[in-house]
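Input: a single structure, listed below in structure tokens.
Letters A, B, ... mirror the listed sequences (proteins, then strands); counts begin at 1.
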2 protein chains.
Amino acid sequence: MPAALDPKEKQAIVGRLFEMFRDHGYEGATLADLSKATSLGKSSLYHHFPRGKEQMAEAVLGQGKNFVKSAINDVAHSSESLKSRIRKIVDAFDVIYGGGQNYCLLGRLSCDGIGDDARGTLREVVELWIDAITHLARDSGMPQVRARQYGEDWFTRVQGAIIMHAATGNAGPYKRTMAALARLAKEPSA
Amino acid sequence: MPAALDPKEKQAIVGRLFEMFRDHGYEGATLADLSKATSLGKSSLYHHFPRGKEQMAEAVLGQGKNFVKSAINDVAHSSESLKSRIRKIVDAFDVIYGGGQNYCLLGRLSCDGIGDDARGTLREVVELWIDAITHLARDSGMPQVRARQYGEDWFTRVQGAIIMHAATGNAGPYKRTMAALARLAKEPSA
DNA sequence: GTCTATAAAAAGATAGAC
DNA sequence: GTCTATCTTTTTATAGAC
């Protein structure tokens, strides 16, 4: 059990690692970068993550999973009105993506050489995300198969929109993607 | 003029570099990797690309630009029927993306630390791509503003579909994205 | 134009003191 | 739990022979 410091502190450290992996990718984030970002020496990082970067990526994806579970999936399955759930979810995405200007940790790491455990968690996060949107689409009146496709395609559009912004600075696709989700609450079926 | 070998050979070398940058990203592709992939010693690579990886990435993106220009943009603006143009373009994407199983060089490098010249070329390639799809949408009967959005959003979906496949192995979004383009030829306006 | 050899820098990882 | 110091390996880059 190499963890024995305040969970709050640990979470804050993982949060800094999160930003580094998100912004620089797995290969692009060096130990020196991660050390500086956390204000911890390299040895301290190894104390908390004995298996090095690989374990740090796992922790970061675990935090991402917690976020998606609580701020996206749980909200989608809550008992609030469809409109209210969608608004909260769009807001959550806007926060984590800075209105479409940030990179996405999931998209970034999905093409990188992360370990098998991290990759498994990555898949779980994506599934939680898609399941949430599928549920919203279902509640808007779509039949199951179509709702599932909607969920997959909406995830797809978000990921692509992040790349679009990175490549050209154009945030239009991101905005339209969020607007499309909001329309689910207004149309009998989209 | 550090280039003085058969243009065909050079093109083949850049093609191998293309695959390495596409599959491993800019940071992830090491000189050792690139050397092995091209069957050229590191010194030989520096002979052809004196500024190292940065210049290699520029060459690779230049080749990508040529491809998008000739196999996508020129085709979109040709005098063939809309249906025929769309089929050729979908086929071209299927070849370069292996039916949605390959990574995309553009998406990959757009988040990496490439140099300013390479980034400029990257933007140009994306613009050629979007312009091509916009032109097809226009020809299908869409008004200009909507057609441009269609082009941007279609690029977005393709990029996202590549990430979806990388993250989960699901090629559905890629297939649906290609199918959506094909539908442009069948509907009076989509 | 390509190679072997080598240098210089950076990255990942560990030892051991405090 | 954190640090400084150190070590190993990898990566980038160059020199110089062929």
Side-chain angles (χ1 to χ4, degrees), chain A residues 1-61 108-109 112-118, chain B residues 1-60 108-109 111-118:
Chain A
M1 290 113 198
L5 90 168
D6 189 342
K8 281 272 191 209
E9 285 296 327
K10 182 97 174 190
Q11 221 181 355
I13 291 171
V14 175
R16 310 258 174 66
L17 298 176
F18 186 107
E19 292 171 5
M20 292 307 292
F21 282 124
R22 179 195 66 191
D23 293 345
H24 301 286
Y26 185 72
E27 279 81 20
T30 71
L31 265 296
D33 292 332
L34 300 168
S35 170
K36 182 181 276 184
T38 55
S39 303
L40 285 177
K42 284 189 258 183
S43 301
S44 300
L45 280 177
Y46 274 100
H47 177 75
H48 296 292
F49 309 97
R51 302 199 328 281
K53 268 173 79 171
E54 191 168 320
Q55 194 172 0
M56 295 182 213
E58 287 167 23
V60 158
L61 280 163
R108 205 75 209 276
L109 295 189
D112 283 348
I114 57 178
D116 289 345
D117 280 12
Chain B
M1 289 112 196
L5 91 169
D6 189 343
K8 282 271 190 204
E9 285 296 327
K10 183 98 177 190
Q11 221 183 355
I13 291 171
V14 175
R16 310 259 175 66
L17 298 177
F18 185 107
E19 292 171 5
M20 293 306 294
F21 283 124
R22 180 196 65 190
D23 293 346
H24 302 286
Y26 184 73
E27 278 82 19
T30 70
L31 265 296
D33 293 331
L34 300 168
S35 171
K36 182 182 275 186
T38 55
S39 304
L40 283 177
K42 285 186 258 182
S43 300
S44 300
L45 280 177
Y46 275 101
H47 177 77
H48 296 292
F49 309 97
R51 302 199 327 281
K53 269 172 77 170
E54 191 168 320
Q55 193 172 359
M56 294 181 214
E58 288 168 22
V60 158
R108 205 75 208 278
L109 296 190
C111 298
D112 284 348
I114 56 178
D116 289 347
D117 280 12

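No side-chain heavy atom of A/R51 sits under 4.5 Å from any side-chain heavy atom of A/M56. Considering only heavy atoms from C-beta on, B/F49 comes within 4.5 Å of B/L17 through its side chain. Contact annotation: the side chain of A/R16 never approaches that of A/M20 to less than 4.5 Å [non-hydrogen atoms, C-beta and beyond].
Phosphate contact (OP1/OP2 of C/dT2, side-chain N/O of B/H48, threshold under 4.0 Å): present. Put simply, B/K42 has no side-chain N or O that comes within less than 4.0 Å of OP1 or OP2 on D/dA13.
Atom NZ in A/K36 sits roughly 12 Å away from atom P in C/dA10 (whole-Å rounding). What separates CD of A/E27 from C1' of C/dG12 is a distance of 13 Å, to the nearest Å. Here C/dT4 presents its C1' atom at 16 Å from OH of B/Y46, a figure rounded to the nearest Å. In this entry the distance linking CG of A/L34 with C1' of C/dA11 reads 11 Å, nearest Å. Distance A/L40 CG to D/dT2 P: 5 Å, rounded to the nearest Å. For the pair A/K10 NZ and D/dT2 C1', the interatomic distance rounds to 14 Å; values are reported in whole Å. One atom, NE2 of A/H47, and another, P of C/dG12, lie 20 Å apart when rounded to the nearest Å. The CZ atom of B/R51 sits 17 Å away from the C1' atom of D/dT14 (whole-angstrom rounding).
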Restricting both atoms to N or O, compile the protein contacts to nucleotides 16-18 of chain D shorter than 3.5 Å, with distance only.
none

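Figure legend: B/K53 and B/Y46 shown without cation-pi pairing, the cationic atom not lying both under 6.0 angstrom from the six-membered ring centre and within 45 degrees of its axis.
Among the protein residues, B/T30 comes within range of the sugar-phosphate backbone only, with heavy atoms under 4.0 Å from sugar or phosphate atoms but none that close to a base.
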Can I get a per-line list of side-chain donor-acceptor pairs under 3.5 Å for residues 30-41 of chain A, giving both atom names and the distance, sequence neighbours left out?
| residue | atom | partner | partner atom | Å |
| --- | --- | --- | --- | --- |
| A/T30 | OG1 | A/A32 | N | 3.4 |
| A/T30 | OG1 | A/D33 | N | 3.1 |
| A/T30 | OG1 | A/D33 | OD2 | 3.1 |
| A/D33 | OD2 | A/T30 | N | 3.1 |
| A/S35 | OG | A/L40 | O | 2.5 |
| A/T38 | OG1 | A/L34 | O | 2.8 |
| A/T38 | OG1 | A/S35 | O | 3.2 |
| A/T38 | OG1 | A/L40 | N | 3.4 |

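Side chain of B/R108 to backbone of B/D23: a donor-acceptor contact under 3.5 angstrom is found. No donor-acceptor pair under 3.5 Å is formed between the side chain of B/D112 and the backbone N or O of B/I114.
For A/S44, taking side-chain heavy atoms from C-beta onward, the closest of the listed nucleotides D/dT12, D/dT2, C/dT2 is D/dT2.
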